[in-house]
A.B. asks: 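One structure, as structure tokens, below. Some questions next.
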Number of protein chains: 2
Amino acid sequence: MKKADSNSGSTTVYEVARVAGVSVATVSRYLNGTARVSDDKRKVIESVIDKLNYKPNMLAQSLKMGSSRTIGVLTQSLVSDYFNEAMSGIDQTMKAAGYAPLIVSGHWHASDEAERIELLIARRVDGLVILTGKLTDEQILSFSERVPIIAFGRELSAKNAFGFCLDNYKAACEAVEYLVMQGHRAIAFIAGPDQADARARLAGYRDTLERHGIDVNPSLIVPGDFQELGGVLAVNQLLESGQRFSAIFAANDLTAYGARLALYRRNIRVPEDISIIGFDDLHSSMYTTPPLTTVRQPLLEVGQRIGEAMLKLIGGQKVRFEVPPLSLVVRESVRRI
Amino acid sequence: MKKADSNSGSTTVYEVARVAGVSVATVSRYLNGTARVSDDKRKVIESVIDKLNYKPNMLAQSLKMGSSRTIGVLTQSLVSDYFNEAMSGIDQTMKAAGYAPLIVSGHWHASDEAERIELLIARRVDGLVILTGKLTDEQILSFSERVPIIAFGRELSAKNAFGFCLDNYKAACEAVEYLVMQGHRAIAFIAGPDQADARARLAGYRDTLERHGIDVNPSLIVPGDFQELGGVLAVNQLLESGQRFSAIFAANDLTAYGARLALYRRNIRVPEDISIIGFDDLHSSMYTTPPLTTVRQPLLEVGQRIGEAMLKLIGGQKVRFEVPPLSLVVRESVRRI
DNA sequence: TTGAAAGCGCTACCAA
DNA sequence: TTGGTAGCGCTTTCAA
């Protein structure tokens, strides 16, 4: 009874119990439906809770229960449409299950990522989702001994961790295939950073060209950075090299936007003079001029799947699911020649 | 000593204390530097912490200290570049102060917002930032009795709450002024939703026109929704109305993107045939074709300011700051006629 | 400088 | 059905 008049800001179960003339245990039972509470007590508790505007302290609940109903999400950039679409999917399914996301950013920097993850673990998140990044699989596996992990952008399958990739290679093949079918032969590729997805897209480009008996011309492959700026620089380099090409496969949509602007600056029309195809299908790609033909990554769905997988992992179940497929979305930035 | 061998997953202070042969109090003191700890004890504690890989349980700390070192952020959309830039600024300054953000979305729906805020309060966030939204000032003030609040998108000044707006009206005036200076007289306006900022922009449009003795033509004002789709619909409506105009002032950049696409579809060139000016200066606006002339909202800075203000409010200090100014950024979507 | 112990707000066990 | 109480992991008096 000593705790009954706590001086801290919010009302506690003790207050409620005291005012209602019952024990804290009964209040707790009422709150959680753990056991039957007689009608009269229930009513009085209800009214007291209402009068005192009592809200349970989740911190205390978490400490007691050993579960914070919070999951950590490690993204790489808070301002990336790409990551945020997945985030949105994760949020949807986790919120429905009563979880809130603690979002931190690793900025594509392994040591930052590790540090942020430690923070998340210190906060006792019930699970952790890692959106790509620079950590090694070993590091992730090691973290997974302390918290269940779902990783996007790497294949992983352990007791307490699951990771998956979308089939970037296959989708890149499709994209290039499409270009070839439209009559393009001299196809430039603006690469991405040194990262698995980017490499898979490059490989798809190379292999598809070869499969069609088209020589891959090394000077048609230029570096990019998955950002718009890389796209403009790349096109400048391509143009200055004097190489001829009728189409550009950009490693992602952002790169395509930059490429498109560089072309615009030189009065080169898209798609009349040069065709462009992107990768990601960011929302904005529907509204570029011309609307961008690109590979769709179903990121919202990916996020939802991640959420479901997380829930399973937390519940101690085995995770296993169909990886959503990528698909080409044809808009207006590629011309048949 | 009874707690020494807790069975829960992680190591606790008790474990550390036992192995190190000291009391938990001493371990705690070492951890927080609350008091001097003798060199020998310090060393052994250090090594035990290391060996056991002990990490303090922040949940327990929070419960004890009455502070979760977490702030809640209520945004309206997890996938909005606009909100996320501010989010990024908030994250920067709060992270530096050891706070982590719990991000929830209200989807521009008052009852959702209220519900999410309750959730944040239940999780005992130390502060709350509200990015615009549909709540009334009264509601916010009422919430501020339970948690310190910084609000963006409304003027507010109370004991435990502070809110501010950017000067949308003035910036809209500048934008229209610029159009007029470039020789435009027939200027269409694509409005935003029923919301303070959108209204201020409309007012700026109206007043500036009048100030220049230009009649405001009601059929040149068409509705929009702050999204791309609203922009295309608006331009279609404008064009079909048969009204003549040489420039469009879009209530925000997204709207401008949509408008630009609608124009593209009809082979109307920008800026040769019609000029467009936007509002927000989203990152993408640098890469549209042509790059968009627009009003810059320094959202990253806004976020940082919010973070600083939050820290002050949490610290019980008075909040008061210069609201960062908006500014016109001239790119290539407006032509002099 | 150190340790014992109280208590943050809650849940759940054990008795009644 | 109910109440008393231990204890989640931590910090911080109070004494020594």
Side-chain angles (χ1 to χ4, degrees), chain A residues 1-45 49 52-69 121-124 126 146, chain B residues 1-45 49 52-69 121-124 126 146:
Chain A
M1 198 58 44
K2 47 192 175 286
K3 300 172 190 170
D5 24 26
S6 145
N7 62 335
S8 117
S10 314
T11 331
T12 72
V13 260
Y14 283 91
E15 302 255 351
V16 175
R18 184 172 52 78
V19 177
V22 300
S23 76
V24 288
T26 305
V27 177
S28 175
R29 281 190 278 258
Y30 163 77
L31 252 17
N32 307 296
T34 324
R36 279 209 58 75
V37 174
S38 66
D39 268 18
D40 44 342
K41 304 236 183 226
R42 196 174 44 65
K43 278 202 187 121
V44 56
I45 291 175
I49 284 182
L52 265 39
N53 192 26
Y54 166 76
K55 312 277 176 185
N57 182 336
M58 274 196 68
L59 249 31
Q61 290 185 141
S62 298
L63 179 61
K64 178 67 192 177
M65 308 296 288
S67 152
S68 60
R69 294 245 126 196
I121 294 180
R123 285 174 180 271
R124 293 303 189 268
D126 292 342
R146 303 203 270 150
Chain B
M1 200 56 46
K2 48 193 172 284
K3 301 172 189 170
D5 23 25
S6 143
N7 62 336
S8 116
S10 316
T11 331
T12 73
V13 261
Y14 281 91
E15 303 255 351
V16 175
R18 183 172 53 78
V19 177
V22 300
S23 76
V24 289
T26 305
V27 177
S28 175
R29 281 191 277 258
Y30 163 77
L31 252 17
N32 306 296
T34 324
R36 279 209 60 75
V37 174
S38 66
D39 267 18
D40 45 341
K41 305 233 182 227
R42 195 173 45 67
K43 277 198 189 127
V44 57
I45 292 175
I49 284 183
L52 264 39
N53 192 26
Y54 167 74
K55 312 277 175 183
N57 182 335
M58 274 197 67
L59 249 31
Q61 292 185 142
S62 297
L63 178 60
K64 179 67 193 177
M65 310 294 289
S67 153
S68 60
R69 294 244 127 195
I121 295 180
R123 285 175 178 270
R124 293 305 190 265
D126 293 342
R146 302 203 269 150

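Here is the naming used below: chain letters follow the sequence lines, and residue numbers restart at 1 for every chain.
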A.B. asks: Identify the heavy atoms of A/Glu15 and A/Thr11 that sit nearest to each other, and give their distance.
C.D. replies: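 Nearest heavy atoms, A/Glu15 then A/Thr11: CB-CG2, 3.6 Å.
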
A.B. asks: Looking at residues at least two apart in the chain, or sitting in another chain, which of them share a side chain to side chain donor-acceptor pair (under 3.5 Å) with B/Arg123?
C.D. replies: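 B/Arg123: side chain to side chain donor-acceptor pair (under 3.5 Å) contacts with A/Thr70.
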
A.B. asks: Could you tell me the separation between the CZ atom of B/Arg124 and the C1' atom of C/dG9, rounded to a whole number of Å?
C.D. replies: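 Computing the B/Arg124:CZ to C/dG9:C1' distance gives 9 Å.
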
A.B. asks: Rounded to whole Å, how long is the line connecting atom CZ of B/Arg18 with atom P of C/dT2?
C.D. replies: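 That distance rounds to 20 Å.
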
A.B. asks: Could you list, one pair per line, each protein nitrogen or oxygen that sits under 3.5 Å from a nitrogen or oxygen of nucleotides 13-15 of chain C, together with the distance?
C.D. replies:
from, atom 1, to, atom 2, distance (Å)
C/dC13, N4, A/Arg29, NH1, 3.4

A.B. asks: To the nearest 10 degrees, how far apart in direction are the end axes of the helix from C/dT1-D/dA16 to C/dA16-D/dT1, each fit to five base pairs?
C.D. replies: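 Comparing the axis at each end, I get an angle of 40°.
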
A.B. asks: Please list residues of residues 30-38 of chain A whose heavy atoms come under 4.0 Å from any atom in DNA chain D, ordered by number; otherwise none.
C.D. replies: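 Of all residues in residues 30-38 of chain A, the ones placing a heavy atom under 4.0 Å from DNA chain D are A/Arg36, A/Val37, A/Ser38.
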
A.B. asks: Which residues in residues 52-64 of chain B have a heavy atom closer than 4.0 Å to any atom of DNA chain D?
C.D. replies: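 Heavy-atom cutoff 4.0 Å gives B/Tyr54, B/Pro56, B/Asn57, B/Ala60, B/Gln61, B/Lys64.
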
A.B. asks: How long is the straight-line distance from CD of A/Gln61 back to OG of A/Ser67, given to the nearest 0.5 Å?
C.D. replies: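 Here the rounded value is 10.0 Å.
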
A.B. asks: The criterion is side-chain contact (heavy atoms from CB on, under 4.5 Å); which residues satisfy it with B/Ser28, sequence neighbours excluded?
C.D. replies: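 Listed in chain order: B/Asn32.
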
A.B. asks: Using every non-hydrogen atom in the two residues, find where A/Leu63 and B/Ala60 come nearest and quote the distance to one decimal.
C.D. replies: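 Minimum heavy-atom separation between A/Leu63 and B/Ala60: CD1-CB, 3.8 Å.
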
A.B. asks: Under the side-chain contact (heavy atoms from CB on, under 4.5 Å) rule, collect the residues that match up with B/Ala25, sequence neighbours excluded.
C.D. replies: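 Testing B/Ala25 for side-chain contact (heavy atoms from CB on, under 4.5 Å), a comparison that skips the adjacent residues, returns B/Ser23, B/Arg29.
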
A.B. asks: Quickly work out the A/Glu15 CD to C/dC8 C1' distance and round it to whole Å.
C.D. replies: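 Rounded to the whole Å, the gap is 14 Å.
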
A.B. asks: With A/Asp40, which residues qualify under salt bridge (charged side-chain N to carboxylate O under 4.0 Å, His left out), at least two apart?
C.D. replies: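 Counting only residues at least two positions away or on another chain, A/Asp40 forms no salt bridge (charged side-chain N to carboxylate O under 4.0 Å, His left out).
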
A.B. asks: Taking for each residue the nucleotide of DNA chain C bearing the nearest heavy atom, is the 5' side occupied by B/Asp40 or by B/Met65?
C.D. replies: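 Comparing both residues, the 5'-ward one is B/Asp40.
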
A.B. asks: Report yes if at least one side-chain N or O of B/Thr26 is closer than 4.0 Å to OP1 or OP2 of C/dG3; otherwise report no.
C.D. replies: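 Yes, B/Thr26 has a side-chain N/O under 4.0 Å of OP1/OP2 on C/dG3.
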
A.B. asks: Any salt bridge (charged side-chain N to carboxylate O under 4.0 Å, His left out) pairs touching residues 52-69 of chain A, not counting sequence neighbours?
C.D. replies: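 Sorted result for residues 52-69 of chain A: A/Lys55-B/Glu118.
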
A.B. asks: Scan B/Leu31, B/Thr26, B/Val22, B/Val27 and name whichever one has a side chain to side chain contact (heavy atoms under 4.5 Å, CB included) with B/Val37.
C.D. replies: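 Single side chain to side chain contact (heavy atoms under 4.5 Å, CB included) partner of B/Val37 among B/Leu31, B/Thr26, B/Val22, B/Val27: B/Thr26.
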
A.B. asks: Determine: side-chain N/O of A/Thr12 to OP1/OP2 of C/dG9, distance under 4.0 Å, yes or no.
C.D. replies: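 The answer is no; no side-chain N or O of A/Thr12 sits under 4.0 Å from OP1 or OP2.
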
A.B. asks: If you find the nucleotide of DNA chain D closest to A/Lys41 and the one closest to A/Val24, which residue's nucleotide is nearer the 5' end?
C.D. replies: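 Per heavy-atom nearest nucleotide, the more 5' residue is A/Lys41.
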
A.B. asks: If every non-hydrogen atom of B/Ser68 is compared with every non-hydrogen atom of B/Asp126, which pair is closest and at what distance?
C.D. replies: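 Scanning both residues completely, I find the closest heavy atoms to be N-OD1, 3.0 Å.
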
A.B. asks: Can you list the residues that meet the side chain to side chain donor-acceptor pair (under 3.5 Å) rule with A/Tyr54, with sequence neighbours excluded?
C.D. replies: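 A/Tyr54 satisfies side chain to side chain donor-acceptor pair (under 3.5 Å) with no other residue.
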
A.B. asks: List in chain and number order the residues that pass side-chain contact (heavy atoms from CB on, under 4.5 Å) with B/Arg124, two or more places apart in sequence or in another chain; answer none if no residue qualifies.
C.D. replies: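 Here the qualifying residues are A/Ser10, A/Asn57, A/Leu59.
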
A.B. asks: Could I get the full list of side chain to side chain donor-acceptor pair (under 3.5 Å) partners for B/Asn53, not counting sequence neighbours?
C.D. replies: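 Expected list: none.
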
